[in-house]
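In what follows, a single structure is set out as structure tokens and then discussed.
The model shown is predicted, which means the values in this text are computed figures rather than measured ones.
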Amino acid sequence: MSPNLKERTPLRTDLKRPRGTQDLLAPESLRLERLRRLAFDTAREYGFDPIETPIFEQSAVFLKVGESTDVVQHERYTFTDVGGVDLTLRPEGTAAIARAYVENGLFNAPQPVRLFYWGPMFRRERPQALRYRQHTQFGAELFGSEEPSADAEIMLLSTAVVAKAGLVDPVIRVNSIGCSLCRPTYRAALVEYYQPLRDEICEDCQRRLTQNPLRLLDCKVDQPAREQAPDIAQYWCDDCRQHFETVVSMVQSTGRAIDRDPYLVRGFDYYTRTVFEVGHPELGTNVALFGGGRYDGLVASLDGPSVPGVGFGIGSERLLSALGERFMAVSSPSYYVAAVPGHHQAAFALVEELRRRGVTCYVDLLSRSLKAQIRDANRRSDRVIIVGGREWDQGLVTLKYLNTGEQEAVSREPDQLARRLNPAPTA
RNA sequence: GUGGAUGUAGCUCAGUCGGUUAGAGCACCAGGUUGUGGCCCUGGGGGUCGGGGGUUCGAGUCCCCUCAUUCACCCCA
């Protein structure tokens, strides 16, 4: 029986989705799926293998790598299961992938190891435009090479995905935050510079001064103080300098745009040397489309050997938003098989024959009148196949194009009909 | 965690100075003759006006609280 819409009850429910989450319906859900495939195919072209890890990990996996990272300190979805295990919904991909690299002994696989992932991430933040408590992230990690070519390859894969999706001229903003040899010196110089200015800088920056001095650089309030601040480039050790310059020139040699941003630092503790971001004007001033960097100490901090790594993450919702109508869901031609009264079962069977031959089609499931079916077809497709009556008895069905109103009788023999509807691509 | 704005039908929104039974467009369902859609016409279903409390003879309208959404911070994808 069809639902009696005349007696439909009003919508009254408190069962709403949790704050900061979203229900994705078509066509948004279709765009997301198309992007997922595009990302998958591109990562494969670059020689990366897909990896799936749990969406929750022992909390220690994230805590070990994010001592002063907001994402793991203040924004965790953490729970204790009935066995008393402390678990956390993953706020980001890299730590979990690194854990999997260690646990599965991938340091014994041919290096470097190239992995990519796609899936939900969870952060308990205050929701805002393009900032959700659950968002979908695509990312890749490359373990086992500290060569600049590894950084460049990661940047090129990430920009390839967004460029293929239709983002015009993505510009990589890049910086190096140095290594354990040169960064402490720079950090000290930065603190020394800002200390006398303590009363002039904003509250957040006063906190940063002691907690995370590098973050002073990307403050949006205290621009004047920043201009005179020491530049980390002056403090790079020789190895870091050469590494950075080689990364930049390798990317440039491929024709991708890349610019140094001396104020770029990133929010995860585990980064070393290269950090990069790609923003987008349509997303507003302060919303990164994606970002990444090098993390040479991460694997070791997760009880693995000393293996360097570099990776990135792209926020799918943000990318789709930036792309807008340039990235739409694509759909193959579809057919609505409408049945003359008394022929619903014949139509139903024909539809299944067609689907087995790769034809996308709808069929009425409400036992509606032919008129109602064609009205319905008009909203779902522009092509109708009418099943029944005299033609059916003659081995034919009517193929009707709704946009022009033209219609013709064609064979209903499944192989012939499917070929007619799904013409093989001409070579 | 901080600050601002906004909540009326599935969607987009009207709703005057506080005053009768809360409206429109779109969408949805049905009919406009038995095998043909869109356009048009007619009819229909759908609202505790986000929730709770208060002021008042009377609250969608005024006040307080709360929840949600949204924007800007913080931070990040």
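- For the pair A:Gly20 and A:Arg133, both in contact range of RNA chain B, the more 5′-proximal nearest nucleotide belongs to A:Gly20.
- In this structure, CZ of A:Arg207 is placed 12 Å from C1' of B:U2, rounded to the nearest angstrom.
- Judged by distance alone, with hydrogens and angles left aside, A:Lys400 brings a side-chain donor or acceptor within reach of the base of B:U36, the pair sitting under 3.5 Å.
- Distance check on atom P: B:C28 versus B:U21 gives 33 Å, rounded to whole Å.
- A close approach under 4.0 Å does not occur between any side-chain nitrogen or oxygen of A:Gln373 and OP1 or OP2 of B:G37.
- Side-chain atoms of A:Asn378 and base atoms of B:G38 include no donor and acceptor less than 3.5 Å apart.
- Between B:C71, B:U36, B:A30, one nucleotide has an atom nearer to the side chain of A:Arg368 than all others, and that is B:A30.
- In the set B:A77, B:C75, B:G35, B:A77 carries the atom at the smallest distance from any side-chain atom of A:His135.
- Atom C1' of nucleotide B:C75 and atom CG of A:Asn212 are separated by 11 Å, given to the nearest angstrom.
- Atom CZ of A:Arg383 and atom C1' of B:G37 are 16 Å apart (whole Å).
- A:Arg383 and A:Tyr335 share a donor-acceptor pair across their side chains, judged by distance under 3.5 Å alone.
- Seen from the ring of A:Tyr263, A:Arg226 counts as a face-on cation partner, given the 6.0 Å and 45° thresholds.
- A:Glu125 contributes a side-chain N or O that forms a donor-acceptor pair with the base of B:A77 under 3.5 Å.
- Nearest to the side chain of A:Gln128, among B:G35, B:C73, B:U69, sits B:C73.
- Only the P atoms considered, B:G43 is 12 Å distant from B:A24, to the nearest whole Å.
- The environment of A:Glu408 atom CD is dense: over 12 non-hydrogen atoms of other residues, nucleotides or ligands sit within 6.0 angstrom.
- In this structure, A:Arg375 places its CZ atom 11 Å from C1' of B:C28, rounding to the nearest Å.
- For the pair A:Arg124 and B:G1, the criterion of a side-chain N or O lying under 4.0 Å from OP1 or OP2 is not met.
- Aromatic ring centroids of A:Phe40 and A:Trp118 lie 6.0 Å or more apart.
- Between A:Phe48 and A:Phe116, a ring centre-to-centre spacing not shorter than 6.0 Å is recorded.
- Summarising the geometry, the separation between CG on A:Leu216 and P on B:C75 is reported as 10 Å, rounded to the nearest angstrom.
- What separates CZ of A:Arg390 from C1' of B:U36 is a distance of 12 Å, to the nearest Å.
- Of the listed nucleotides (B:U36, B:C75, B:A77), B:U36 has the atom at the smallest distance from the side chain of A:Ile374.
- In this structure, the separation between CZ on A:Arg124 and CZ on A:Arg133 is 4.0 Å, given to the nearest 0.5 Å.
- Nucleotide B:G7 is matched to B:C67 when pairs are restricted to Watson-Crick or G-U wobble geometry with both distances under 3.5 angstrom.
- Among B:U36, B:A77, B:G35, the nucleotide with an atom closest to any side-chain atom of A:Lys371 is B:U36.
- A ring-centre distance under 6.0 Å is not found for A:Phe290 and A:Phe138.
- Listed candidates were B:U36, B:G35, B:U69. Nearest to the side chain of A:Glu391 is B:G35.
- For A:Arg19, whose side chain is taken as the heavy atoms from C-beta onward, the closest listed nucleotide among B:U36, B:A68, B:A77 is B:A68.
- Remark: C1' of B:A77 and OH of A:Tyr117 are 9 Å apart, rounded to the nearest angstrom.
- Residues A:Tyr401 and A:Arg126 both approach RNA chain B. Their nearest nucleotides, taken by heavy-atom distance, put A:Arg126 toward the 5′ side.
- The separation of B:G60 from B:A22, taken at their P atoms, amounts to 9 Å, rounded to a whole angstrom.
- For the pair A:Arg379 and B:A27, the criterion of a side-chain N or O lying under 4.0 Å from OP1 or OP2 is not met.
- One interatomic measurement links the two molecules: CZ of A:Arg380 to P of B:G38, which rounds to 15 Å at whole-angstrom precision.
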